[in-house]
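Remarks on the structure that follows.
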Amino acid sequence: MIDLRLLRDNPDVVRASQQARGDDPALVDAVLDADTRRRTSLTEFEGLRAEQKALGKQVATASGDQKAALLARTKQLAEAVKKHQAEANAAEAELDELLYRIPNVVEGAPPGGEDDYVVLKEVGTPRDFAAEGFIPRDHLELGEGLAAIDTARGAKVSGSRFYFLTGIGARLELAILNAAMDQAVAEGFTPMITPTLVTPATMRGTGFLGAHADEIYRLERDDLYLVGTSEVALAGYHGDEIVDLSGGPRRYAGWSACYRREAGSHGKDVRGIIRVHQFHKVEMFSYCAVEDAAAEHERMLAWEEAMLAKVELPYRVIDTAAGDLGTSAARKFDCEAWLPTQQRFLELTSTSNCTTFQARRMNVRERTADGTRTVATLNGTLGTTRWIVAILENHQQADGSVRVPEGLRPYLGGLEVLEPVR
RNA sequence: GGAGACGUCGCAUAGUCUGGUCUAGUGCGCCACCCUGCUAAGGUGGUAACGGCGCAAGCCGUUCGCGGGUUCAAAUCCCGCCGUCUCCGCCA
């Protein structure tokens, strides 16, 4: 939820943000209007309520005729109070409903849609397989050769977009996630294993029940949602709390399974394990002071790049365009690894600065000299199942074996090459 | 799944039976000041959040797990839900 005060004081900023995202700027005026109506009806209600309370006190001490007269008046008043309270509540609900529809105010992201990203930099050089004299295999062919990935049995057991990681495949995923967790811990993050089922309130608070609600699994019978990322649980972790940030940002590294319906992606990335219903992820999450958020965002990006360096992948960093930002994000940087068999970049990490948007919804504040204020939250990927795809393809050798990047060897018992099983 | 107990301003607790000086008391902690020459103690005051009005000082409203209800009036009575603990059942 955006800051109502910002919207009141600087509606043009919010209008411009809506414009940049390709959303309706008129929503801003609808909110302003609803806010005015809410305040009017609230003032009316509060005046009546004050009168009612004052008279109520007199009733307590009065007696006889005096009491009867007072009761007659307070009865009328009670009815009026009830009516105005209902009105004030309705006005408030209307305001909330409108306010919830406004996504976070964009901060620095380039305008435009999905294709209007800006490439910030490219790191590493894609291999020239033609020069090396062989045609690269894609990750599934490699994974099957290594007896690492089994999508056929995944489909048999759970349906399309499910898979088994088998043998070295399972070990490789654990290696990636453990390397990510170790790096996070070394940087001072608190490691967390989080719930993957959350209440509607938590899911709504983190901003995932808006435009992309179709992406989320819901357990009807229990009124719970399956998370698409541990960000959800980590954002809820300090919900309704006043956190102490005097020692700097509070950083958590969440390890969890992630579930996505992939409802709108029919026919996209159907082969292999690029786009699946369930995967695992180590996610960084930070609560920090709002002035520190932009710098923390840079740090998140740097930590992601450090992980990518460990697995020795060529990648680029993009500054996501406003229209492609999530509801909660004010700015987002993605790291995309080169995928040789598709001659394109594939998103491996994504870090978002949610400024105070998410924390306001979750009611996470800090104490300052002047009282309390909402904190900022940020998140960023440190490792996922999908990284296997890029690692297999980029480090493959002519014989179908795969070189293990040095950063992962300690997590694979020193193994230097993954050999095909035949 | 069943039974019982509990949920109060950072923490601990009083208040709920018997609705109205509860403007939610007290202790601890914390902050400020005072006193005191001594590894301390004592004294005084302050110390929740959110919202509305106001240039401001301040005034007002909301919140006693959450949501309804009864009532002129609810921390207090009634109903539903959530959570915690104890015991039982069931299951790894």
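Quantities reported herein were computed from a predicted structural model and do not represent experimental measurements. Protein chains get the first letters and strands the later ones, always in sequence-line order, with residue 1 at the start of each.
- When distances run from any side-chain atom of A:I242 to the nucleotides B:rA49, B:rC72, B:rG61, the shortest one goes to B:rA49.
- A:R8 comes within contact range of the sugar-phosphate backbone alone, with a heavy-atom separation under 4.0 Å but no base atom that close.
- Both A:A78 and A:R5 lie near RNA chain B, and the one whose nearest nucleotide falls closer to the 5' end is A:R5.
- Out of B:rG61, B:rA73, B:rG52, the shortest distance to the side chain of A:A50 is found at B:rG61.
- When rounded to the nearest whole Å, the span between CG of A:L4 and P of B:rG52 equals 7 Å.
- In this structure the side chain of A:C335 reaches within 4.5 angstrom of the side chain of A:L301, judged on heavy atoms.
- Take the nearest nucleotide of RNA chain B for A:Q52 and for A:T372: the residue whose nucleotide is more 5' is A:T372.
- Between the CG atom of A:D240 and the P atom of B:rC66 there is a distance of 11 Å, rounded to whole Å.
- With rounding to whole Å, A:H84 atom NE2 is found 19 Å from B:rG52 atom P.
- A:R73 comes within 4.0 angstrom of nothing in the nucleic acid, heavy atoms only.
- The pairing partner recorded for B:rA24 is none, the criterion being a Watson-Crick or G-U wobble arrangement whose two distances lie under 3.5 angstrom.
- Across the strands present, B:rG54 finds no partner; the criterion is a Watson-Crick or G-U wobble pair with both atom distances under 3.5 angstrom.
- The A:R38 side chain lies nearest to B:rG52 when the options are B:rA73, B:rU62, B:rG52.
- Looking only at atom types and distance, the side chain of A:E393 has a donor-acceptor partner in the side chain of A:T341 under 3.5 Å away.
- Checking B:rA48, B:rU70, B:rG61 against every side-chain atom of A:K82, the shortest atom distance belongs to B:rU70.
- Between A:E51 atom CD and B:rC72 atom P the separation is 17 Å, expressed in whole Å.
- Of the candidate nucleotides B:rC72, B:rA74, B:rC53, B:rA74 has the atom nearest to the side chain of A:R49.
- With a cut-off of 3.5 Å on both Watson-Crick or G-U wobble distances, the partner of B:rA73 is given as none.
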